[in-house]
Amino acid sequence: MGQGGLIMGWTDERVTLLRKLWAEGLSASQIAKQLGGVTRNAVIGKVHRLGLAGRATPSRPAKRPVRTARPRVMGPSVPRLRMPSTMPTVVIPDLEPLKFEDGKAANVLTLNESMCKFPIGDPTDPDFAFCGRGSSGGPYCSDHARLAYQPSQARKRRTAGAPDELRRMLRLAAM
DNA sequence: CCCTGATTCGC
DNA sequence: GCGAATCAGG
């Protein structure tokens, strides 16, 4: 395979091969790998320049959404600040934090990757802790995963006559 | 996260 | 003309 040319320009042969492979339906990345020395972007760029674009592509919404012009980098850019994302956390202390033999619960120091990180209690209280139960995969245990993942189920009036303390905790946790 | 092509634009 | 960066989707 004596293809190890120099800086790999678009020679007549390479262009021919490109046309062939593209016509055969190979993806740009596949073609790039075949040709060697070029990235898929290079292939796509060339394909467009050759006017071959618009093939039976597996991913084409058949729309032409006129993509927003790419800003790219221009001059002294402005350091964009990003709004801190406030995570709306609702604490429903149905379950008590798992405790160790010494009576201590899972805190930020003892929290493990495989432990449920569902916050329990008033974050401003010294007794505040995390669930600490085993979490398989997700950040929460099975029980809290369900609680934290309620899309927007119909609000039952389960809070009828909710204790003032609970409301207070909910409010604090939401901050 | 993998992939796809499409587009813009500095070089 | 070239192709990296980026985007918009599957």
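Reckoned from all heavy atoms, side chains included, excluding hydrogens, waters and symmetry mates. Here is the naming used below: chain letters follow the sequence lines, and residue numbers restart at 1 for every chain.
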Using the side-chain heavy atoms of [X], tell me which of these nucleotides is nearest: [options].
X: A:A53; options: B:dT4, B:dA6, C:dG3; answer: B:dA6
X: A:I44; options: C:dG3, B:dA6, B:dT4; answer: B:dA6
X: A:T39; options: C:dA4, B:dA6, B:dG5; answer: C:dA4
X: A:W22; options: C:dG3, C:dA4, B:dG5; answer: B:dG5
X: A:N41; options: B:dG5, B:dT4, C:dT6; answer: C:dT6
X: A:S27; options: C:dG3, B:dT4, B:dA6; answer: B:dT4

*Heavy-atom donor-acceptor pair, A:R49 side-chain to C:dG3 base, under 3.5 Å*: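 By the distance-only test, yes, there is a pair.
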*In the single-linkage hydrophobic clustering (I, L, V, M, F, W, Y; side-chain heavy atoms under 4.5 Å), do A:L35 and A:I44 co-cluster?*
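The answer is no; the residues belong to distinct hydrophobic clusters.
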Would you mind reading off the distance between [X] atom [atom1] and [N] atom [atom2], rounded to a whole angstrom?
X: A:L52; N: B:dG5; atom1: CG; atom2: P; result: 13 Å
X: A:L18; N: C:dG3; atom1: CG; atom2: P; result: 11 Å
X: A:R40; N: C:dA5; atom1: CZ; atom2: C1'; result: 11 Å
X: A:L50; N: C:dC2; atom1: CG; atom2: P; result: 8 Å
X: A:H48; N: C:dT6; atom1: NE2; atom2: P; result: 18 Å
X: A:L26; N: B:dC3; atom1: CG; atom2: P; result: 16 Å

*Taking everything shown except A:E113 itself, do over 12 heavy atoms lie less than 6.0 Å from its CD?*
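Counting other residues, nucleotides and ligands, CD of A:E113 stays at 12 neighbours or fewer.
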*Respond yes when some side-chain nitrogen or oxygen of A:K46 is under 4.0 Å from OP1 or OP2 of C:dG1, and no when none is.*
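Answer is no, no contact under 4.0 Å.
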*Kindly say if A:S29 contacts the phosphate of B:dC3, meaning a side-chain N or O under 4.0 Å from OP1 or OP2.*
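Answer is no, no contact under 4.0 Å.
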*With sequence neighbours left out, what residues match A:R49 under side chain to side chain contact (heavy atoms under 4.5 Å, CB included)?*
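For A:R49, the residues satisfying side chain to side chain contact (heavy atoms under 4.5 Å, CB included) (neighbours in sequence not counted) are A:K46.
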*Under the side chain to side chain contact (heavy atoms under 4.5 Å, CB included) test, residues paired with A:L26 that sit two or more places apart*: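 A:L26: side chain to side chain contact (heavy atoms under 4.5 Å, CB included) contacts with A:L21, A:Q30, A:I31.
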_For the backbone of A:A28 and the side chain of A:W22, can you confirm whether one donor and one acceptor N or O come within less than 3.5 Å of each other?_
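Side chain of A:W22 to backbone of A:A28, a donor-acceptor pair under 3.5 Å: no, none is there.
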